[in-house]
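This report refers to the structure that appears directly beneath it.
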Amino acid sequence: MTARPAKNAIFEQFAADGISLMFGNPGTVEQGFLDVLEETPGIDYVLALQEAVAVGIADGYARASAGPALVQLHTGVGLGNGIGMLYQAKRGHSPLVVIAGEAGVRYEAMDSQMAADLVAMARPVTKWATRVTHPDSVLRVLRRAVKTAMTPPRGPVFVALPMDVLDAETSEPAVPTTILGRATLPVPEDLNRAADVLRAAERPIVLMGDGVSVSGAQAELARVAEALGAPVWGVDSSELNMDTTHPLYRGQLGHMFGENSAAVVKDADAVLIVGTYVFPEVFPLLHSPFAAGCAIVHIDLDDHEIAKNFPVDVALVADPKPTLAALADRLGPGAPLGEREVAEGGDSMMDLFAAELARQAPDGLVLFDEALTASPALVRHLPPRLPGSYFLTRGGSLGVGIPGAIGVKLARPEAEVVGFTGDGGSMYTVQALWTAARYGVAARFVICDNRRYRLLDDNIEQYWRERGIAAHPSPGSFDLSHPEIDFVALATSLGVAAVKVDEPDQVKAAVGRMLAEPGPFLVDLVTT
């Protein structure tokens, strides 16, 4: 292989892996390879005005495209800005390949401006983090990064690229990364044990997570649930893991309080857990919520999560899709199912807007849902049914709604993509609107504007109940009403057309205008 600077060779490697976009925010120590990118065909730079936005857009892109997504951050300060969104990506298993520059290995001992241990910073929020110190290992490490990010359980990885290493020449060839297949199936004896445990249950339930979606096992999961007649609950479930109109689908367990999960599982005599860990609440129970004698079968490719918190009876480290198919074959058909009851719609502004969007939206609508307290009304009128049609916030980092919708639209330009977020959440990453305008990304954004951190109101009420504290006004720090944020003016200043909706009779026209707009569009939906 002809020698060339490693800063050129990295783009050969990205091309070999089919990577055509780099999401990022530039910096001085990355200027060498960003200069090369300008003259490199086949890869485009998507500029964000802050690193959290870059990671958020890449996360949405990776979720919609199945990754990998390439992110460039600016040394330690940029990595610091992106860490919250990287945590979100790690909890959601997004295959992000994150690179950041540094001044150079030669300056290691100087403790100079912006010097930081980037690997130590990145390690808690990534699946793997490393630093390249020799030009003849740059491409090898990038391939390892792509392989690690894409191997289930997927997750973000980080590579620090010192400028002097990239300036040096390398003869290392660029070849496609080997992506590992993990379509493994348990041995028949273990499958038979799992089937026997589940078949013997009188009150089985199923707990599912995003490992189902990664495996493409939605149909197989439904077959097993139907064979058992078992209700299905989402746990750490942010993808479309089951048609939410299915008669056995019961909803999400929630992510805050262990008592909610305990109420669901307490009467079950067998639990099938697929593609998730239990339980992911902020305040989980420290004791087992399962009934004494309850049999537990856990299927996941992530062996770390099986029996992490509670013992299981049958542990199957295997791909959910073939494993569930084999279980369904053993269990046989279930009893006929009745129709699921349809929830009554409300008359809130969110109900009115979601119902109107359901009427006007074209086929193939994709939702990115960071609406939090407004989500129930959204999914009541637009129940997620097809894989790839619904992406829910995860990981606890606010601000994913706007950049996430941009990333999904970049990955799925033919789809109508609408992102829902709150007024509080939107202000973490509102700069993302500028990126949508700059590149003509025709995603739509809806701000559910209640002028509060409403979720905190709900959570503190639970806190008061648990501690016997009399109800009283929420802390003033939950209030966002003054000064009032003018989202229409803010969006317009960033190049995105917008409209405010604060009366019911404005909803129909606003939805029509939003869907007709040739570029990005924002609706400030006042929900107070």
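Within 6.0 Å of CG on L286 lie no more than 12 heavy atoms contributed by other residues, nucleotides or ligands.
In this structure, L378 and A354 approach most closely via the heavy-atom pair CA-CB, 4.0 Å. The heavy-atom pair separating D269 from E202 by the smallest distance is OD2-N, 2.8 Å. Shown here for D313 and A295, the closest heavy-atom pair between the two residues is OD2-CA, 3.2 Å. The two residues A443 and A405 come nearest to each other via the heavy atoms CB-O, 4.0 Å. Between A194 and L327, the shortest heavy-atom distance links the atoms CB-CD2, 3.9 Å. Annotation for T323 and T184: closest pair OG1-O, 3.9 Å, computed over non-hydrogen atoms.
With respect to the salt-bridge test (charged N to carboxylate O, under 4.0 angstrom), the residues D329 and R223 qualify. Classification of R199 and D196 as a salt-bridged pair holds, one side-chain N sitting under 4.0 Å from a carboxylate O. Taking 4.0 Å as the cut-off between side-chain N and carboxylate O, D457 and R452 count as a salt-bridged pair. Ion pairing between E416 and R444 holds under the 4.0 Å rule for side-chain N and carboxylate O.
Between the side chains of E370 and T421, at least one donor-acceptor pair of N or O atoms lies under 3.5 Å. Side chain to side chain, T528 and N450 fail the donor-acceptor criterion of an N or O pair below 3.5 Å. Side-chain atoms of H381 and D351 form a donor-acceptor pair, as typed in the model, at a separation below 3.5 Å. In this structure, a donor-acceptor pair under 3.5 Å is absent between the side chains of D243 and Y249. Side-chain contact check for E305 and H298: no donor-acceptor pair (N or O, by modelled atom type) lies under 3.5 Å.
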Check the pair R454, F478 against side chain to side chain contact (heavy atoms under 4.5 Å, CB included), reporting the backbone distance first and the verdict last. CA-CA 7 Å; R454 180 69 69 190; F478 297 2; over 6 Å; no
Please evaluate residues R182 and D319 with respect to the criterion salt bridge (charged side-chain N to carboxylate O under 4.0 Å, His left out), reporting the C-alpha separation (whole Å), side-chain torsions for both, the decisive distance (0.1 Å), and the verdict. CA-CA 7 Å; R182 300 198 70 186; D319 189 317; over 6 Å; no
Verdict with reasoning, V264 to L253, per side chain to side chain contact (heavy atoms under 4.5 Å, CB included): CA-CA 8 Å; V264 169; L253 287 187; 3.5 Å; yes
Could you go step by step and tell me if R63 and S238 meet the side chain to side chain contact (heavy atoms under 4.5 Å, CB included) rule? CA-CA 10 Å; R63 293 178 72 175; S238 59; 3.4 Å; yes
Please step through side chain to side chain contact (heavy atoms under 4.5 Å, CB included) for the pair V119 and R123, ending with a clear verdict. CA-CA 6 Å; V119 173; R123 189 172 286 127; 3.1 Å; yes
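Counting heavy atoms from C-beta on, the side chains of L324 and I299 come closer than 4.5 Å. Looking at T151 and K127, their side chains come closer than 4.5 Å, going by heavy atoms from C-beta outward. The shortest distance between side-chain heavy atoms of I205 and V265 falls below 4.5 Å. I447 places a side-chain heavy atom less than 4.5 Å from the side chain of L522. Taking the side chain as every heavy atom from C-beta outward, V125 and P156 never approach each other to under 4.5 Å. The closest side-chain heavy-atom distance from V224 to L331 is below 4.5 Å. Using a 4.5 Å heavy-atom threshold, the side chains of R330 and N192 count as touching. By the 4.5 Å heavy-atom criterion applied to side chains, F310 and S288 are counted as neighbours.
No donor-acceptor distance shorter than 3.5 angstrom exists from the side chain of D449 to the backbone of D423, with no hydrogens or angles considered. The backbone N or O of N241 lies less than 3.5 Å from no partner atom in the side chain of E239, so there is not a single donor-acceptor pair. Looking only at distances, no side-chain donor or acceptor of N25 sits under 3.5 Å from a matching main-chain atom of E51. Within the 3.5 Å criterion, the main-chain N or O of D210 finds no donor-acceptor partner in the side chain of S213. A donor-acceptor pair under 3.5 Å links the side-chain atoms of Q218 to the main chain of L240, judged by distance alone. A donor-acceptor pair is defined here as one N or O able to donate and one able to accept, closer than 3.5 Å; no such pair exists between the side chain of K147 and the backbone of L180. A side-chain donor-acceptor contact under 3.5 Å links R250 to the backbone of P247. For S65 (side chain) and G67 (main-chain N/O), a donor-acceptor pair under 3.5 Å exists by modelled atom type. Between the side chain of K321 and the backbone N or O of G216, at least one donor-acceptor pair lies under 3.5 Å. Remark: side-chain polar atoms of D300 are paired, donor with acceptor, to backbone N or O of D302 under 3.5 angstrom.
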Just distance, no hydrogens or angles: give the donor-acceptor pairs under 3.5 Å from side chains in residues 274-284, sequence neighbours left out.
unit_1: T276; atom_1: OG1; unit_2: V235; atom_2: O; d: 3.0
unit_1: Y277; atom_1: OH; unit_2: R91; atom_2: NH2; d: 2.3
unit_1: E281; atom_1: OE2; unit_2: S261; atom_2: OG; d: 2.3

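Between the CD1 atom of I402 and the CD1 atom of I57 there is a distance of 10.5 Å, given to the nearest 0.5 Å. Separating the CG atom in L367 from the OG atom in S389 is a distance of 7.0 Å, to the nearest 0.5 Å. Rounded to the nearest 0.5 angstrom, K266 NZ and E259 CD are separated by 13.5 Å. Atom CG of L73 sits about 6.0 Å away from atom CG of L79, to the nearest 0.5 Å. Remark: L49 CG to T429 OG1 distance equals 11.5 Å, nearest 0.5 Å. Atom CG of residue L525 and atom CZ of residue F420 lie 8.0 Å apart, to the nearest 0.5 angstrom.
Under the rule for a side chain to side chain donor-acceptor pair (under 3.5 Å), the partners of R465 that lie at least two apart in sequence or sit in another chain are Q462.
You'll find the ring centres of Y61 and F23 inside the 6.0 Å limit.
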